[in-house]
Enquirer: 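Please find one structure pasted underneath; my questions will follow.
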Amino acid sequence: MRRDGSLVTRIGAVAGGLTLALVAVLGIGFYMEQRRDITRDLTFAVNSDAAVTVKETVTNLKSLATTLHGLASNTLVANALADTLGREAYLEPFLKGFEGMTGLTGVVALTDFAGKPIASSGTLVLGEDAAGWIRQVVDSGEARARFSRLNGVWRIELADPVVYANTGTVEGVLLIAIPAPEIARAVEASRIDGVMHGLAVAGSEDAWIFGSGEPVRLTAAFTHRAIDLPPPLSSIGLEVVSKADPQLIDRPLRELSWVFAIAALIVVVGVTLAAAALSLRLVMPLRRLEKAASSFDFTAPDMTFAAAGFGNDEIGRLAAAFASMVDRLSTAYGDLAAANKELESFSYSVSHDLRTPLRAIDGFSQILIDEYRGKLDDEGQRLLNVVRDNAVRMGLLIDDILRYSRTGRQELQAVPVDLGKLAQEVFEDLRQTAGDRRIRLDVNPMPPALGDRGMLRQVLVNLLANAVKFTRPRSEAVIELGGQADADHNTYYVRDNGVGFDMRYVDKIFGVFERLHANDAFDGTGIGLAIVKRIILRHGGTVWAEGKVDAGATIGFSLPSGGSGHVNQ
Amino acid sequence: MHVLATRLVLACFIATTPVLAVEKPVLVGIDAEFSLPNSTSAQAIERGARTAVDEINQMGGVLGGRPLEVVITDNRSMPARAEANLAQLAERPDLVAVLCGRFSTAVLDALPLIHEKRLVFLDPWASADGIIDNNYQPNYAFRLSLRDVDAAPLLMRRALAKHAGKIGILAVNNAWGRSNVHAAEVYAAANGAPTIVDEQWHNFGDRSLIQQYLKLRNAGAQAVILAAAEMEGAAFVRELAGLPPAMRLPVISTWGVTGGRFLEEAGQGLFAIDFSVVQSFSFEHVPPARLAGFMDSYARLYGPTEAAKIIPATGVAQAYDLIHILARAIDLAGSTDRPRVRDALERVRDYQGLVRDFPEPFDARRHEALGEADLFIATYRRDGSLAPVADHGTISK
């Protein structure tokens, strides 16, 4: 398939395409590497940040346990166990002061040995299992911690045994119940924008964001880190969960991608333009050669091509070779033109000169028929008629040769021609000779042509006459004309529904005196389409034919559109 | 000798009261601070109660032959344990009454339960006013002991006798301590002297009270009224004795220190300071014949001894008298039905006890068997016994 377009465009496109492909490969590699690096850096940062959060959580909880133990060891608390009516007056403020010590909002309560609350810093609601759990603390004499869920609220409960100094026995429990969100709230939120750390209950889907205490439902997107706590806190089962906003990876990647894409675009455009400029520099001499080649008038005398200015490289040598070729072509064209002119003069002379003896043959044959009819038998008369018919036909052939010859020598006067209107005129003339045949001419829109009006009329006469002739067997002949404008040529066609032709012989259809049908079927000498071809070629156009036996024929031709074509003289 | 006497008594007891062996016993509970280290109050109450029970059973028991039987529970002086113990005791059939221990705090929280269970509650020691003044009707609590509001005048007058017009109060931070402070404040407000310059508090388990003492002294106190248990009181005495003599103020104590090994813990420093304590009983006030009978009964169970060595005498005597009054009430009631026994306690008359004679120990409006007139000031002897001081509100018997 032939590829159109300029070499500069193609070189630029190829260079740009190759650069783009290279940039794309590099970009994918760059993207993957950046993604890996950013993910690694983010993971490290999140882990470091989570470690700080874990440490702070551990510190807070240990501080809580230590503070609680300190309170449990205070004689005021043990004293309250041995006290009764009125102890609320000092015990409750004391317990409420616990909040100020820890910075956490929770409920601190003192229970007796059976788990019955004696006093609390706020409203304390204990689960049904609390009494049994507290009894375990009393019986074991060891502090305990647990997660409990009451009315849908998770909370951490720490219980420290209160030893009554005078008996040395555990007589109560100091209990603190802090909602899990409160533990989370007291720990500083993530120091990385877009990263969230939360406190979670191991094995559950509940978590609370550090810094705010807001609840969050755990998903697979969270990473889990168990919090290692010393007894009794170790029994709680706490985790720090973390989640990073995907944008933390995607956003810098996107920004880098944009930077890379812009840089890549600049590179691709730059390479393309550079390649185009370089190729243009290379192609410019070629274009000069092309321009010179296309504008050469071989009819002009002393046609030459100056090879100077093309340098000494391959193009310079090409230009020199081209100049040499021009010289030789100019010489050959001059010789050929002279030969053609001589040949046409010769053929014209021959044809013209043949007319005199032909007229003599025709005249004397007519005299024989007119004056010696009685002396000749029938066979003699028939033979004389044959002689005379052939003389007439030879005359026609000579006329055709002369017309064909004139077509080649006639000077063109290019003017705009409305082929549709011209075709109507020609068709009207032809219809006069067609008797009562039903012939319909459909003229479709077609672009105006630029050419010699007389010659183009001759083209239409020949084509429409052929159409009328070859549709004779049809009860209704339909002839259709049309055309369209292309980039630099206009194309036209004449289509009929006549007898058509066999496409195997299409190469002969525009030959001189070539006929695809028997002489007795359709009259004519076979010069019409040859004249058409010669006229169209002289206008710088082309001709073609399509047909099918008994299915009509289409003869098409093209003409250069206005201004862009040239006329062959 | 001691063992032989005990065996003889026991054999006599078995031989003379065969019917008691088959009758269903009537139970009397004692819920007190038995396992509180250094405390002897619960044990004293138990000894007094068992001595009385033994005497009663020797006499044929109650209700025409049913023996009394003592049931012990230990509350370690903890209100919560006391309440739990009382709840269990209340469920026992044939338990007719319960004696408490020394600690008022172990009683006050249980008052609702006591009245809900209609548990006849006998107080041989705990002195908080609210134990009896509890607003329950009918009131199931009865006391044969000192009460704080009655002790306060004695303490205040003792201070005045010590030429202390300004006093400071050093009290334990509990309901009993507050009860004492309140009683002193009421007295000071009513009488104008002595004036209370400061009140300082300490907790059970505190092992130093010197800072509170110094604050009282700095506030101008010329004597200190102490409301403390034996361990905290002993710590205070040790610290006070360690101060230069000029800095030692007279200490007038409520009787909380006398319920345990106060002297052993305080050491000889006790005799280096001016320390006196309010009391409601002394064997020295018991008529000889009555004392001899008691000592015989006591010896049957615990071996021969001297009255001065029965320490603390208060718990023994007051529990002893309460059991005897209770036995009479049971017989009056003719039943172990606790409401009926409660009612009968208000109808017991003319009981001659160790503490004193009780023409009418209780009546419908008065569940306090003792009053201010029964109280006196005492000081410690080196053998641990208490010597009544014959002045300043004491009653010589």
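Throughout, protein chains are lettered first and strands after them, A, B, ... in sequence-line order, and every chain is numbered starting at 1.
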Enquirer: Other residues, nucleotides and ligands only: do more than 12 of their heavy atoms fall within 6.0 Å of CZ on A:Arg149?
Expert: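 Yes, CZ of A:Arg149 has more than 12 neighbouring heavy atoms, counting only those of other groups under 6.0 Å.
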Enquirer: Taking all non-hydrogen atoms of both residues, which atom of A:Ala82 and which atom of B:Pro79 are closest, and how far apart?
Expert: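 Where A:Ala82 meets B:Pro79 most closely, the heavy atoms are CA-CD, 3.7 Å.
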Enquirer: For B:His182, look at atom NE2 and say whether over 12 heavy atoms of other residues, nucleotides or ligands are found less than 6.0 Å away.
Expert: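 Check fails, neighbour count at 12 or below.
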Enquirer: Could you check A:Asp83 against B:Thr105 for side chain to side chain donor-acceptor pair (under 3.5 Å), going step by step and ending with a plain yes or no?
Expert: CA-CA 5 Å; A:Asp83 195 358; B:Thr105 49; 5.9 Å; no
Enquirer: So which atom in B:Arg178 and which in A:Leu85 form the shortest heavy-atom distance, rounded to 0.1 Å?
Expert: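 Closest pair (atom of B:Arg178, atom of A:Leu85, distance): NH2-O, 2.6 Å.
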Enquirer: Measuring only between side-chain heavy atoms, which start at C-beta, is B:Ser77 closer than 4.5 Å to A:Asn166?
Expert: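 Side chain of B:Ser77 against side chain of A:Asn166, heavy atoms only: no contact under 4.5 Å found.
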Enquirer: Using a 6.0 Å cut-off, check whether atom CZ of A:Arg135 has over 12 heavy atoms from anything other than its own residue.
Expert: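 Buried by this count: over 12 neighbours within 6.0 Å.
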Enquirer: Please look at B:Glu33 and chain A and tell me whether the side chain, the backbone, both or neither of the residue comes under 4.5 angstrom of a heavy atom of that chain.
Expert: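 Contact with chain A involves no heavy atom of B:Glu33 at all.
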Enquirer: Less than 4.5 Å to any heavy atom of chain A: does that hold for the side chain of B:Val107, its backbone, both, or neither?
Expert: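 Interface part for B:Val107: neither.
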Enquirer: Taking atom types as modelled and ignoring hydrogens, do the side chains of B:Asp109 and A:Thr84 form a donor-acceptor contact shorter than 3.5 angstrom?
Expert: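 Yes.
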Enquirer: Evaluate side chain to side chain contact (heavy atoms under 4.5 Å, CB included) for A:Leu81 paired with B:Met78, printing each intermediate quantity in order.
Expert: CA-CA 7 Å; A:Leu81 289 172; B:Met78 290 291 120; 4.1 Å; yes
Enquirer: Report the distance from atom CG of B:Asn173 to atom CZ of A:Arg87, rounding to the nearest 0.5 Å.
Expert: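 CZ of A:Arg87 is found 11.5 Å from CG of B:Asn173.
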Enquirer: So for B:Ala84, is it side chain, backbone, both, or neither that comes closer than 4.5 Å to the heavy atoms of chain A?
Expert: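 The answer is the side chain of B:Ala84.
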Enquirer: Picking from A:Ala78, A:Gly86, A:Ala165, which has the most non-hydrogen pairs under 4.5 angstrom with chain B?
Expert: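 Most pairs with chain B among the choices: A:Gly86.
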Enquirer: Roughly how far apart are A:Thr75 OG1 and B:Asp206 CG, rounded to 0.5 Å?
Expert: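 Output value for this atom pair is 3.5 Å.
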Enquirer: If I compare all heavy atoms of A:Tyr164 with all of B:Arg76, which pair ends up nearest, and what's the gap?
Expert: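 Closest approach of A:Tyr164 to B:Arg76, heavy atoms only: CE2-O, 4.3 Å.
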Enquirer: Establish, for the pair B:Arg81 and A:Phe113, whether the NZ or CZ atom is under 6.0 angstrom from the six-membered ring centre and no further than 45 degrees off its axis.
Expert: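 Judged by the rule, B:Arg81 and A:Phe113 form a cation-pi pair.
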Enquirer: What option among A:Ile118, A:Thr169, A:Thr167 has the most heavy-atom pairs under 4.5 Å with chain B?
Expert: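 Result: the option with the highest number of such pairs is A:Thr167.
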Enquirer: Is it true that a side-chain atom of B:Asn203 and a backbone atom of A:Asn79 form a donor plus acceptor pair closer than 3.5 Å?
Expert: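 No; judged by distance alone, with no hydrogens or angles, the pair does not exist.
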